[in-house]
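So the structure is just underneath, and the comments pick up after that.
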Amino acid sequence: MEELLAWIARGLVDEPHAVRVERVDEGDVVVLRLHVADDDVGKVIGRQGRVARALRTVVRSAGARADRRYVLEIAD
């Protein structure tokens with residue numbers, strides 16, 4: 001899951017080498033924290049949060065397939 005999220009994020013940003021995904025297991029929930037360069041945060045969030053919403057949908061859908069609950073956080 002982390003690789004998929006990182007691959008998608010690298011395609012969106014100007015500095016793909018700065019993309020990093022951190023996985024934190026919190027009970028039955030898996031939190032994926034997406035770290036990007038400061039200048040690329042707006043590109044990952046998108047206008048009115050549309051890109052972030054789409055990324056969260058992909059993560060949630062993949063988690064449903066694996067019978068896990070995934071949550072995406074975009075870190076500053």
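Keep in mind that this is a model prediction, so the values were computed, not measured.
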[X] versus [Y]: any side-chain heavy-atom pair under 4.5 Å?
| X | Y | result |
| --- | --- | --- |
| Leu55 | Thr57 | no |
| Ile74 | Ile45 | yes |
| Glu2 | Leu32 | yes |
| Val59 | Met1 | yes |

Do [X] and [Y] belong together in a cluster built from hydrophobic side chains that touch within less than 4.5 Å?
| X | Y | result |
| --- | --- | --- |
| Tyr70 | Val29 | no |
| Leu12 | Val36 | yes |
| Val21 | Trp7 | yes |
| Val13 | Leu72 | yes |

Considering non-hydrogen atoms only, spot the tightest contact between [X] and [Y] and give its length.
| X | Y | answer |
| --- | --- | --- |
| Val19 | Ala9 | CG1-CB, 3.9 Å |
| Gly27 | Arg68 | O-NH2, 4.4 Å |
| Glu15 | Asp40 | N-OD2, 3.1 Å |

Are the side chain of Arg53 and the backbone N or O of Gly46 linked by a donor-acceptor pair below 3.5 Å?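 Checking the backbone N and O of Gly46 against the side chain of Arg53, no donor-acceptor pair under 3.5 Å is found.
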Using modelled atom types and a 3.5 Å cut-off, is there a donor and acceptor pairing between side-chain atoms of Arg33 and backbone atoms of Glu73?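 Not confirmed, Arg33 side chain does not pair with Glu73 backbone.
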With rounding to the nearest 0.5 angstrom, report the [atom1] to [atom2] distance, [X] to [Y].
| X | Y | atom1 | atom2 | value |
| --- | --- | --- | --- | --- |
| Asp14 | Asp39 | CG | CG | 8.0 Å |
| Ile8 | Leu4 | CD1 | CG | 4.0 Å |
| Arg60 | Arg69 | CZ | CZ | 9.0 Å |
| Leu5 | Arg23 | CG | CZ | 12.0 Å |

